[in-house]
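Here is the structure we will look at, set down as structure tokens.
Hydrogens, waters and symmetry mates play no part in the numbers below; they use all other heavy atoms, side chains included.
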Amino acid sequence: MSTGTPLTRLTERLKQPFHRDGRPTRLHPSAVWAEATSTAGIALQPAWRTVRMAWLTYAWPVLSVVSVLGWSVLAATILLWWAGSAYGWQEAKAAAVAAFVMFLIAVGFILGRSTYGVVLDLARTRVAVGDSAVGSIAVTNTSSRPLLPASVELPVGGVTAVFHLPRMKPQQVHEDLFTIPTARRAVIVVGPVRSVRADPLHLLRRQVLWTEPEDLFVHPRTVALGGSAAGFIRDLEGMPTTELSSADVSFHALRDYVPGDDRRHIHWKTTARTNKLMVRQFEETRRAHLAIALSINTEEYASEDEFEMAISAAASIGRQAIREQRELDILTQKGPLRCETGRNMLDDMTRIVGAPMRRTAVDLARTLADAVPNASVVFFVVGSNVTATQLRSAAASVPPGVRSLAVRIEAGAASSRANIADLTVLTVGDLADLGIVLRKAAA
């Protein structure tokens, strides 16, 4: 055996004394077992890889066509034959032969090769809750001979739709339309389309995959903040800062000229009157940078519908910000969402899964203050179980000079506005009232 192999290293390891605190002692049995296990794993890894590939290539395709009922019939056949031979029961032997013949007949139903051309077409891969998600399956007989009737299955989320194919002539096309319910926000995996051959008793079941799975995004329902709410982000911004600048759009005062100042900002009328060079000084304005803290702690919501309304409210505000080309950040307890485009934002909104958790809306507000320090407008979107004390603590995390609003979702409640210190609390009972409430807050 060549030097450096796993077995050689194990042998050399056994010959060396085991050192503890600088003193040689006997090798501990656990160390020998760990070393032997590691060496055996390295030595057997190529053989295991070969066996696994052989199993997946040859054995599994054959064994996977046998259903649970088929395996039960085979087991019953063996058991009945053994009982008939051991105890001389001819009836048991006859039942075993009948079951075996029935299994052989089932083999004839799955033999043969299907040559289909299958096209799965989803009209739209992104729809909103309540919109129609329509698709079609076009199956073509690409062989030169007629094909017998068969079934085609289409997994849609957790259910499976079955389409029955008639007897098809060569190059004949059969098309089926289907509609997917979109009553809930979800990412639905559609496909892959598979053709199925099975016997009448479903002892054997052979399926062939023809397409790749596709994701259907059912986005949360959103409302357009147009009309009376148009430009609400522009109304929310405009809070002046205390920082002075030599170049901006908000004029503040005049001061003496200092070497190095931009001569374009010299105020010539004042200079002529005072006989001294005077320059304009500006107050820095702040471009609206929206930050939305969406709590996904389900313990803060009274119902699942309330939680879904909160997601819809946050998505509506974010969509309006992107439409107005404002900077946007959305954060949940599980991390930030993508906000580069409206599609990315709605896709991530669709993937949100609420759960009870230790982190509350107050913890999320503190995280938001650190993650988005340059925000100019902050929205806290929370449920009806969040108390006024918690909202006050969340507002305390907002840096001075930043406009903060809390959108408190309470299904069925009358929409209203209130103030807790510098925090504007907007209670929304219906998603349709979101635009009106926001417009009142910006006024």
Side-chain angles (χ1 to χ4, degrees), residues 51-82 92-122 135-181 187-216:
V51 171
R52 184 174 181 273
M53 289 299 298
W55 169 266
L56 294 177
T57 304
Y58 302 106
W60 176 247
V62 176
L63 299 178
S64 62
V65 302
V66 185
S67 65
V68 176
L69 180 59
W71 287 114
S72 301
V73 170
L74 283 178
T77 301
I78 297 173
L79 181 62
L80 288 172
W81 184 262
W82 173 83
K93 285 188 175 181
V97 172
F100 185 70
V101 171
M102 184 172 56
F103 193 87
L104 292 179
I105 294 175
V107 174
F109 284 89
I110 67 169
L111 292 178
R113 183 178 181 182
S114 300
T115 53
Y116 293 119
V118 182
V119 177
L120 173 62
D121 181 27
L122 294 178
S136 66
I137 296 178
V139 182
T140 306
N141 179 8
T142 58
S143 66
S144 58
R145 56 183 177 82
L147 293 178
L148 296 176
S151 297
V152 171
E153 293 183 348
L154 176 65
V156 180
V159 300
T160 301
V162 180
F163 302 91
H164 298 284
L165 300 179
R167 185 178 184 275
M168 298 177 63
K169 299 178 181 179
Q171 306 306 316
Q172 181 180 348
V173 179
H174 178 79
E175 186 174 6
D176 279 306
L177 300 178
F178 60 89
T179 303
I180 301 175
V187 180
I188 303 175
V189 180
V190 182
V193 178
R194 60 197 183 207
S195 61
V196 178
R197 285 190 174 190
D199 62 283
L201 297 179
H202 292 277
L203 300 178
L204 303 179
R205 173 187 170 89
R206 180 187 171 197
Q207 61 184 24
V208 180
L209 305 182
W210 296 100
T211 64
E212 296 295 330
E214 296 187 25
D215 289 335
L216 173 65

So do the side chains of L147 and Y116 get within less than 4.5 Å of each other, counting heavy atoms only?
-> yes

Check whether any side-chain heavy atom of L122 sits under 4.5 Å from a side-chain heavy atom of F178, and report yes or no.
-> yes

Is it the case that more than 12 heavy atoms not belonging to F163 sit under 6.0 Å from its CZ atom?
-> yes

Would you find a donor on one side and an acceptor on the other, under 3.5 Å apart, between the side chain of D199 and the backbone of L204?
-> yes

Is any side-chain heavy atom of P149 less than 4.5 Å from a side-chain heavy atom of P166?
-> no

Between L209 and P192, the two heavy atoms sitting closest are CD2-CG, 4.0 Å

For S67 and L203, indicate whether the former's side chain and the latter's backbone hold a donor-acceptor pair under 3.5 Å.
-> yes

Expected output: side-chain T211 to main-chain V193 donor-acceptor under 3.5 Å | yes

Please confirm whether the backbone N or O of Q207 pairs with a side-chain atom of R194, one donor and one acceptor, at under 3.5 Å?
-> no

Report the distance from atom CG of L165 to atom CG of L148, rounding to the nearest 0.5 Å.
-> 11.5 Å

Is the side chain of R197 donor-acceptor paired with the backbone N or O of A150 at a distance under 3.5 Å, no angle test?
-> no

Evaluate the side-chain proximity of L154 to L120: yes if any heavy-atom separation is below 4.5 Å, no if none is.
-> yes

Flag side-chain contact, heavy atom, 4.5 Å: H164 against S151 = yes

Minimum side-chain heavy-atom gap V189-D215 below 4.5 Å | yes

Find the distance between CG (L74) and CG (L79) and round it off to the nearest 0.5 Å.
-> 12.5 Å

Heavy-atom closest pair, residues T160 and E153 | CG2-CB, 3.8 Å

Would you give the length of the straight line joining atom NZ of K93 to atom CG of L80, rounded to the nearest 0.5 angstrom?
-> 12.0 Å

Starting at CZ of R205, measure out to CD1 of I110 and round the result to the nearest 0.5 Å.
-> 11.5 Å

Is a donor on one side and an acceptor on the other found under 3.5 Å between the side chain of N141 and the backbone of Q172?
-> no

Any donor-acceptor N/O pair, T142 side chain to T115 backbone, under 3.5 Å = yes

Taking side chain as C-beta onward, heavy atoms only, is W81 less than 4.5 Å from V97?
-> yes

Closest heavy-atom pair and its distance - R167, P146 = NH2-CB, 3.5 Å

